[in-house]
2 protein chains.
Amino acid sequence: MRPTVHDIAAAAGVSLATVDRVLNQRPGVRRITREKVETAIRQIGYVRDVAAANLAKGRTYPLGFILPASDNSFMHGLNAEIREAMIRSPAERTSIRTVEVAAFDPAALVAALEKLADERPAGIALVAIDAPEVVAAVDKLVAVGIPVVTLVSDLTGSRRHHYAGIDNIAAGRTAARLLGRFLGDAEGEVAVLAGSMLVRDHRERLEGFAALMAQEFPKLSVLPVLEGRDDPELAHMLVADALAKHERVIGVYSLGAGNRGLIRALKAKASCRNLTVVAHELTVHTRAALIDGTIDAILNQNAGHEVRSAIRVLKAKADGLAVIDAQERIRLDIFLKDNLP
Amino acid sequence: MRPTVHDIAAAAGVSLATVDRVLNQRPGVRRITREKVETAIRQIGYVRDVAAANLAKGRTYPLGFILPASDNSFMHGLNAEIREAMIRSPAERTSIRTVEVAAFDPAALVAALEKLADERPAGIALVAIDAPEVVAAVDKLVAVGIPVVTLVSDLTGSRRHHYAGIDNIAAGRTAARLLGRFLGDAEGEVAVLAGSMLVRDHRERLEGFAALMAQEFPKLSVLPVLEGRDDPELAHMLVADALAKHERVIGVYSLGAGNRGLIRALKAKASCRNLTVVAHELTVHTRAALIDGTIDAILNQNAGHEVRSAIRVLKAKADGLAVIDAQERIRLDIFLKDNLP
DNA sequence: CTGTTAGCGCTTTCAT
DNA sequence: ATGAAAGCGCTAACAG
């Protein structure tokens, strides 16, 4: 039988209450008593039963999610995953609140962050915007002891506890290699569609993409990035325009959202051009385009995994517990038409 | 506050014990009483607190893992992941036992299965061999109420509760498309190295590979499969031999384990041939080969995910609980040198 | 500073 | 067939 608080109380010659105080690092224990208890814990090899502790505490985890109010399939999917998690809330002792803020607006994000913090949640997850004021706001939360996890887009330089998202530089490089290899040794131009250079994930994807292209595929030249603000309409306009202007485009990398518009533009040109296309995020639209051959490969981050991971990590951090690192690493999914889920 | 057994006892006008009997479908409750309780449960919207139940029961989950005694990196990795899970056992209330059986030997597997079953574990995970006697043995376990999960290689036609592994047909097709696209429109032969056609996962990968090759890349002809029994030495011999015999080989697909030998054979030919290579399973050896360019892409199944998933599913099935399907779907990882973890 | 005691939500004897 | 009461491992008043 696994040792319990009773065992260490007996071994240390103290009461349960004292053991509990030591276990939870509460004050009111003489140094010498505390040491006795700690020795007993170590010697007996005690590991606390978190479930029992949570039961006794009636602990629940109020969690806040802050998301951009973007009307694209990826964000809809992320929202859906959070709703799924809400359904599981009773079993996981969480209570999740989501807050939508204007996209690409650091001030709005900071305001939402501060407002949420006032409710003193057990943890906060946010899709970060890479701006100094956001870093400051996040660091303030961390300072007052609220666990913070960035979701999808990271906030380097901040003291956030964890990032639940993919390595975006690697994603960009992977896109470049895929495009480069698929194009064989053809020569031409490559168009790049992004959402906004304000968010770190998009910047990093572009950076990785451009770097590998320059380094390994010198026959392909990368055109200036188009910023579609993750908006299907704008994306459509920009891509259609670019394809019309640049005759020599043979490849396209779409590293943001709003792919509905991109696909429409591609299909319009399909008859006269043979384009190799790599896009991000698996949605109903990109899935259909992959199957019908408009898109050649999709890079994806699993929103469900990201949400579940963020929740696990926030809970663990709230309790000062360890996480399984490998389980929390968000992998870059690569989908060809053959391995769609 | 979430409703508890007390609430439904009060609502139904019965005692806790009776509520518990209904909840756990134990006998000794009049039909009419049972119905009263069930109505109350439904009306109040009660959901049982599994953690509290497990605490009261002192429940633990004795789990058995049956693995082939193969000396290759993939199996070593799988073993390591199981050991990791053993470390977490106290927290997860599991106690895990692993059994090694001779590889590719149905009779040995059946014997191990029956022996393990005698210990009446809460669940069994096995790397299946696709043979009728194994199906029969698994079905017997299921019949006596032991949850069974196949790991890595499935056992279709059996009544196993779940398969924790990748879609191997899709994996084969993906390998084919990657190889085909990377080779552009070059013409030539493709060599295929497998472990054994006795295991379903290898057969399915080959099937998917050959089908897509025939269908979409007619310029590439697939040579007869080489069976290396997941053994590095044998694999080396077979591949070296094939490369020597067939001048026109321009691509290689290694769908099994034992890649150490394959890589050695490839490097020997590297100076005079330019081969495009897709292999399965990320190990120290394949990783190094991917980085140095000997291998072009690696298809992988995440052993850690598979093991954690198998454990989650076995526990859930043992309690008759639901699982999060998306979480238990094992994805096919595709690694290029740019997105290595 | 330390100990006693009741109780978290559920299960399990043991009576009735 | 049903209920009362004790207890799983831990925490939290409240006393002392």
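Throughout, protein chains are lettered first and strands after them, A, B, ... in sequence-line order, and every chain is numbered starting at 1.
In this structure, the nucleotide among dA4(D), dT11(D), dG9(C) sitting nearest to the side chain of Ala17(B) is dA4(D). Checking dG3(D), dT11(D), dC10(C) against the side-chain heavy atoms of Ser15(B) singles out dG3(D) as nearest. Closest contact between the side chain of Leu55(A) and the listed nucleotides dT11(C), dT2(C), dC8(C) involves dC8(C). Of the candidates dT2(D), dG7(D), dC10(D), the closest approach to any side-chain atom of Ala56(A) belongs to dC10(D). Nearest to the side chain of Val5(B), among dT2(C), dG9(C), dA12(D), sits dG9(C).
Taking atom CG of residue Leu23(B) and atom C1' of nucleotide dC10(C), one finds them 9 Å apart after rounding to whole Å. Taking atom CD1 of Ile41(A) as the reference point, atom P of dC10(D) lies 10 Å away to the nearest angstrom. Counting to the nearest Å, the C1' atom of dT11(D) and the NZ atom of Lys57(A) are 8 Å from each other. Rounded to whole Å, the distance from CG on Asp20(A) to C1' on dC1(C) is 15 Å. Remark: P of dT11(D) and CG of Asp319(A) are 11 Å apart, rounded to the nearest angstrom. A straight line from OH of Tyr46(A) to P of dT11(D) spans 6 Å, rounded to a whole angstrom. Asp7(B) places its CG atom 11 Å from the P atom of dC8(C), with the value rounded to the nearest Å. Following rounding to the nearest Å, Arg34(A) (CZ) and dT2(C) (C1') show an atom-to-atom distance of 13 Å.
Mapping Ile32(B) and Leu16(A) onto DNA chain D by nearest heavy atom places Ile32(B) closer to the 5' end of the strand. Toward the 5' end of DNA chain D, the nearer of the two residues Arg31(B) and Ala52(B), judged by each one's closest nucleotide, is Arg31(B).
OP1 or OP2 of dT11(C) has at least one side-chain nitrogen or oxygen of Asn24(B) nearer than 4.0 Å. Distances shown here put a side-chain N or O of Thr18(B) below 4.0 Å from the OP1 or OP2 atom of dG3(D). Here Arg26(B) does not reach the OP1 or OP2 of dT11(C): none of its side-chain N or O atoms lies under 4.0 Å away. Here Arg30(A) reaches the OP1 or OP2 of dT2(C): one of its side-chain N or O atoms lies under 4.0 Å away. For dT2(C), the OP1/OP2 oxygens have a side-chain nitrogen or oxygen of Thr33(A) closer than 4.0 Å. One finds no side-chain N or O of Thr4(A) lying less than 4.0 angstrom from the OP1 or OP2 phosphate oxygen of dG9(D).
No side-chain heavy atom of Leu113(A) sits less than 4.5 Å from a side-chain heavy atom of Val148(A).
As judged by a 4.0 angstrom heavy-atom cut-off over every strand, Arg21(A) is placed among the base-contacting residues. Within the nucleic acid shown, Arg59(B) has no heavy atom closer than 4.0 Å to any nucleic acid atom. Residue Val19(B) is out of contact with every strand shown, counting any heavy-atom pair closer than 4.0 Å. Residue contacts shown for Asp49(A) are limited to sugar-phosphate atoms, with no base heavy atom under 4.0 Å away. Contact annotation for Gly28(B): base contact, defined as any heavy-atom pair under 4.0 Å involving a base atom.
None of Arg312(B), Arg83(B), Glu81(B) except one satisfies the side-chain contact (heavy atoms from CB on, under 4.5 Å) rule with Val307(B); the exception is Glu81(B). Of the listed residues (Leu151(B), Leu314(B), Val99(B), Leu116(B)), just one forms a side-chain contact (heavy atoms from CB on, under 4.5 Å) with Ile124(B), and that residue is Leu116(B).
Residues Asn24(A) and Arg48(A) have side chains that bring a donor and an acceptor to within less than 3.5 angstrom of each other.
The pair Glu84(A)-Arg308(A) does not count as a salt bridge, with every side-chain nitrogen at least 4.0 angstrom from each carboxylate oxygen. Using a cutoff of 4.0 Å between basic side-chain nitrogens and carboxylate oxygens, Arg97(B) and Glu119(B) are scored as salt-bridged.
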